[in-house]
Amino acid sequence: MTKALELARRAQEQDEVPVGCVIVQESKIIAQAYNQVERLKDSTAHAEMIAITQAESYLGSKWLKGCRVYVTIEPCFMCACAFVLCRISKLFFGAPEPKTGAFGSVSDINRFNLNHRIEVSKGLLEDECRGLLQDFFKKKRQPCIG
């Protein structure tokens, strides 16, 4: 999760919502990404989606069975569905996302009758993950002086 936080900070430096994601197979990082929605002008360029594409390319497979995901914030429905489709085994996330979270905050994708369920652990480095997001949005809401 510390690597995901590092990636989230990189996103923040580029004025992106600070979310970082790492995908691990066994003990090796096979993908790492951060949000690039603004840079790419692509609403689907979430850290998780970019990391999935990298991991699938690395493995040469659409299946990420046995892989673990570490992401700084609870994934949205788009990312949650992508995790189901690629068969991610386990998800670790830092802070809950009360407006869009799809693993317990708004709803829980694992409660749907889908063909795959993901083991979830939440609250990993939660304070650091939440603080990064809160600081980012506080700065965004400050009036411009100048």
Side-chain angles (χ1 to χ4, degrees), residues 1-112 114 116-142:
M1 187 61 85
T2 54
K3 182 63 175 176
L5 270 166
E6 178 186 313
L7 292 162
R9 288 185 191 98
R10 191 177 312 166
Q12 185 175 30
E13 290 167 4
Q14 296 178 19
D15 205 29
E16 296 279 354
V17 175
V19 177
C21 180
V22 174
I23 299 179
V24 175
Q25 182 188 51
E26 296 174 7
S27 60
K28 182 179 182 182
I29 293 175
I30 62 168
Q32 54 185 337
Y34 54 88
N35 273 5
Q36 296 183 47
V37 171
E38 302 302 327
R39 180 174 155 238
L40 298 176
K41 308 290 186 257
D42 178 355
S43 60
T44 68
H46 292 195
E48 301 95 322
M49 300 298 285
I50 296 168
I52 287 169
T53 300
Q54 289 176 1
E56 290 173 338
S57 178
Y58 176 83
L59 294 174
S61 173
K62 65 181 180 178
W63 304 120
L64 300 180
K65 294 177 182 178
C67 291
R68 298 179 315 278
V69 174
Y70 297 84
V71 65
T72 54
I73 192 165
E74 180 181 3
C76 69
F77 278 93
M78 174 182 68
C79 297
C81 287
F83 287 155
V84 169
L85 290 172
C86 69
R87 307 295 194 269
I88 287 291
S89 295
K90 187 157 186 172
L91 166 68
F92 298 87
F93 70 83
E97 179 26 275
K99 294 182 180 179
T100 63
F103 286 95
S105 290
V106 174
S107 189
D108 186 346
I109 198 156
N110 281 326
R111 290 184 176 217
F112 296 102
L114 301 176
H116 179 70
R117 288 194 185 352
I118 299 165
E119 186 179 340
V120 179
S121 291
K122 34 186 142 178
L124 198 58
L125 299 179
E126 181 175 348
D127 292 339
E128 294 91 332
C129 293
R130 180 186 297 113
L132 192 60
L133 282 160
Q134 287 174 338
D135 290 347
F136 176 80
F137 285 110
K138 275 183 195 171
K139 288 176 185 169
K140 283 286 187 193
R141 292 181 186 111
Q142 287 179 349

Okay, side chain of D108, backbone of N110: is any donor-acceptor separation there less than 3.5 Å?
yes
Minimum heavy-atom distance between E26 and R68, given as atom pair plus value
O-NH2, 2.9 Å
Is there a side chain to side chain contact (heavy atoms under 4.5 Å, CB included) between V37 and V17 once you walk through the steps?
CA-CA 8 Å; V37 171; V17 175; over 6 Å; no
Do the non-hydrogen side-chain atoms of L132 and R9 ever get within less than 4.5 Å of each other?
yes
Any sub-3.5 Å donor-acceptor pair from H116's side-chain atoms to F83's backbone N or O?
no
What class does the angle between the rings of F92 and Y70 fall in, given that below 30° is parallel, 30 to 60° is tilted and above 60° is perpendicular?
parallel
Just checking, is any N or O donor in the side chain of Q14 or Y34 under 3.5 Å from an acceptor N or O on the other one?
yes
Student check: side-chain heavy atoms of D15 and E38 closer than 4.5 Å:
no
At their closest point, which heavy atom of W63 faces which heavy atom of L85, and how far apart are they?
CZ3-O, 3.3 Å
Side-chain heavy atoms of K122 within contact of P96, under 4.5 Å
no
Once you round to the nearest 0.5 Å, how far does CD of Q134 lie from CG of D127?
9.5 Å
For I118 and I88 the tightest heavy-atom approach is CG1-O, 3.6 Å
Closer than 4.0 angstrom, basic N to acidic O: yes or no for E13 and R10?
no
Indicate yes or no: at least one non-hydrogen side-chain atom of C79 is less than 4.5 angstrom from one of M49.
yes
Pairwise distance CD(E128) to CE(M1) - rounded to 0.5 angstrom:
10.0 Å
Is the backbone N or O of F103 less than 3.5 Å from a side-chain atom of E74, with the two atoms forming a donor-acceptor pair by type?
yes
Is E97 reaching over with its side chain to a backbone N or O of S105, donor-acceptor style, under 3.5 angstrom?
no
For A33 against A47, the heavy-atom pair lying closest together:
CB-O, 3.4 Å
Short question: side chain of T72, backbone of G20 - any donor-acceptor pair under 3.5 Å?
yes
Hey, what do you get for CG (L125) to CG (L5), rounding to the nearest 0.5 Å?
6.0 Å
Rounded to the nearest 0.5 Å, how far apart are CG of L59 and CD of Q25?
5.0 Å
Under 3.5 Å donor-acceptor, N35 side chain and P18 backbone
no
Does any part of the side chain of C129, heavy atoms only, come nearer than 4.5 Å to the side chain of F93, both counted from C-beta?
no
Please find the pair of heavy atoms, one from C67 and one from I23, that lie closest to each other, and give the distance.
CB-CG2, 3.9 Å
Give me the atom names and distance for the closest heavy-atom approach of F112 to R117.
O-NH1, 3.3 Å
Quick one: which residue pairs count as a salt bridge (Lys or Arg N to Asp or Glu O under 4.0 Å) with a foot in residues 48-65, not counting sequence neighbours?
none
R87 side chain to G66 backbone, donor-acceptor under 3.5 Å:
no
V69 and C21, any side-chain heavy atoms less than 4.5 Å apart
yes
